[in-house]
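These values consider heavy atoms only, across backbone and side chains, with no hydrogens, waters or symmetry-generated copies. To find a chain, count down the sequence lines: A is the first, B the second, and so on, and within it residues start at 1. Note that the structure is predicted; figures quoted are calculated from it, not measured.
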Protein chains: 2
Amino acid sequence: MSDRVRAANKNAEKALRADGRRNRERILAAAEELIASDGAQASLEAIARNAGVGSATLHRHFASRGALLEAVFRDGVAQLCARAADNPGTDPGAELAAWLEELTVYAATHRGLAAALLAAPDVVPEQVCCTAMVREALDGLVARAAAAGALNTGVSTGDLLLLANAIGVATEADPATAVRLLRLAMAGMGRPRRGP
Amino acid sequence: MSDRVRAANKNAEKALRADGRRNRERILAAAEELIASDGAQASLEAIARNAGVGSATLHRHFASRGALLEAVFRDGVAQLCARAADNPGTDPGAELAAWLEELTVYAATHRGLAAALLAAPDVVPEQVCCTAMVREALDGLVARAAAAGALNTGVSTGDLLLLANAIGVATEADPATAVRLLRLAMAGMGRPRRGP
DNA sequence: ACCTGAACACCGTTCAAGT
DNA sequence: ACCTGAACACCGTTCAAGT
């Protein structure tokens, strides 16, 4: 999986001439910065301007806003997802909860990511996309948690993904609130907690 | 409260000349339609065009996109909030849950509302705004539920508002999913439910 | 192969000029 | 008092012309 991601990045970088590759990096750096400050709706024109390239060059490298967002977040999301498989622990429920918090914090601290994940997948078949990576990582954790009886009946991977993204969008740039809200939703808001 | 709302609308309508009032209604009708189909980011230009007025006229009536969204949703939200006070029931926890579901469904079926509620309040002092109405209505329900011990410790009105809006944004135009997600979050996702 | 500058259609905002 | 048309600065997308 992480191999697939690395291969996809190699493809995007290797097939370019030296100047093309340099421009691509500049665009990504500018995009990262502007998305951090302006959110997912950051102006593509401004990104191209900051990168010192024409707007047509940006569109040549990234056919759509979604493609650019994917490229900006792919590495970070891949690392996050790799961590989901690392834990060989003994408490699947706690591991699921901990990883969901990581995902939510990551979404809340990377403006535009949650919005991108929420958007219709828009997946070119065979393409490695953030949504697919996250879903795959989460699927494993959910399966183990469910097998251990640590998950409420009727809760699916899609539910948890939707919840984490919803909270990520709603609390963008406020990770503390994001985590608090996620924990409350996991534990339940409608009745007093029992025990420690 | 509902009086304040009615007064605010009277103010906005009464002080206008006949043609101004007619244009205002046309703009609101066009806005309702386009926001329903395009979401909260609907083009103001297109709204003015559909209403048959110049774009400057739209800006004269509604100084900002937020002001227009407020006007579009104010009546519906006021009715929703009025219903929060109607119930003299005996199960505050259930009443809170039921009203939160109503709010979430309303948000999910009125594209743009949740996004508008999530946006920074941006409240002109003394102005009746949707956020304030909802918060006031919810405050009452929360207080009664908390007094009855039906609410998880540490859950505030703001938490529930944020959660409902987050789910509303994430599931826009899919009220069934919105309700399912809200119920799961209220009951808790992280452990099996007990009893009926 | 990759880039640029320019063109196109659109947008939100503002203002002078109308009635 | 309220409206309009026009102007301004911006945007995303596309394309012919360059190297």
Side-chain angles (χ1 to χ4, degrees), chain A residues 9-31 33-35 37-72 111-112 115-116 119-120 122 124, chain B residues 9-31 33-35 37-72 111-112 115-116 119-120 122 124:
Chain A
N9 277 336
K10 278 276 162 52
N11 274 343
E13 290 165 5
K14 205 66 166 286
L16 288 178
R17 233 167 47 181
D19 53 346
R21 196 190 137 99
R22 194 179 53 234
N23 278 342
R24 187 175 189 277
E25 289 308 317
R26 282 182 184 166
I27 292 169
L28 281 177
E33 192 170 345
L34 273 180
I35 289 170
S37 69
D38 297 357
Q41 304 297 332
S43 155
L44 299 183
E45 195 98 3
I47 291 171
R49 219 161 31 227
N50 280 18
V53 305
S55 63
T57 300
L58 185 148
H59 278 88
R60 158 172 291 269
H61 282 286
F62 305 100
S64 67
R65 163 171 259 116
L68 178 58
L69 290 171
E70 277 281 335
V72 167
R111 303 193 56 179
D122 200 17
V124 179
Chain B
N9 277 333
K10 278 278 161 53
N11 274 344
E13 292 165 2
K14 206 66 168 286
L16 289 177
R17 232 168 47 181
D19 53 347
R21 197 191 136 100
R22 194 177 54 232
N23 278 341
R24 188 174 188 276
E25 289 308 316
R26 282 182 184 164
I27 292 169
L28 282 176
E33 192 171 347
L34 273 180
I35 289 170
S37 69
D38 297 356
Q41 305 297 334
S43 156
L44 299 183
E45 196 97 5
I47 291 172
R49 221 162 28 230
N50 280 17
V53 305
S55 62
T57 300
L58 185 148
H59 278 87
R60 158 173 290 269
H61 282 286
F62 304 100
S64 67
R65 164 171 258 113
L68 178 58
L69 290 171
E70 277 280 337
V72 167
R111 303 194 56 180
D122 199 16
V124 178

N or O in side chain of Thr57(A) less than 4.0 angstrom from dC2(C) OP1/OP2: no
Protein-nucleotide distance (Arg21(A), atom CZ; dA1(C), atom P), rounded to Å: 19 Å
Distance in Å, Ile27(B) CD1 paired with Arg22(B) CZ, rounded so as to fall on 0.5 Å steps: 11.5 Å
Pairing residues for Ala40(B) by the side-chain contact (heavy atoms from CB on, under 4.5 Å) criterion, not counting sequence neighbours: Ala115(B)
Atom-pair distance (CZ on Arg49(B); P on dG5(D)), nearest Å: 14 Å
Integer-rounded Å distance: dC10(C) C1' and Ile47(B) CD1: 15 Å
Full working for side chain to side chain contact (heavy atoms under 4.5 Å, CB included) between Phe62(B) and Glu70(B): CA-CA 10 Å; Phe62(B) 304 100; Glu70(B) 277 280 337; over 6 Å; no
Polar atom pairs (N or O), protein with nucleotides 12-14 of chain C, under 3.5 Å:
unit_1, atom_1, unit_2, atom_2, d
dG12(C), OP1, Leu44(B), N, 2.9
dG12(C), OP2, Ser43(B), OG, 3.3
dG12(C), OP2, Leu44(B), N, 3.2
dG12(C), OP2, Glu45(B), N, 2.7
dG12(C), N7, Glu45(B), OE1, 3.3
dT13(C), OP2, His59(B), NE2, 2.4

CA sep, side-chain torsions, deciding dist, call: Glu33(B), Asn50(B), side chain to side chain contact (heavy atoms under 4.5 Å, CB included): CA-CA 10 Å; Glu33(B) 192 171 347; Asn50(B) 280 17; 5.5 Å; no
Any His61(B) side-chain nitrogen or oxygen under 4.0 Å from OP1 or OP2 of dC2(D): no
Dot-bracket encoding of pairs in DNA chain C, which uses [ ] for pseudoknotted crossings and | for another strand, Watson-Crick or G-U under 3.5 angstrom: ||.|||||...|||||.||
d(CG, Leu58(B); C1', dC2(D)) in whole Å: 14 Å
CG-CZ distance between Leu44(A) and Arg49(A), expressed to the nearest 0.5 angstrom: 11.0 Å
Approximate separation, where rounding is to 0.5 Å, of Ser43(A) OG and Arg65(A) CZ: 7.5 Å
Between P of dT4(D) and CZ of Arg22(B), the distance in whole Å: 10 Å
Separation between CG of Leu28(A) and CG of Leu58(A), rounded to the nearest 0.5 Å: 9.0 Å
N or O in side chain of Asn23(B) less than 4.0 angstrom from dC2(D) OP1/OP2: no
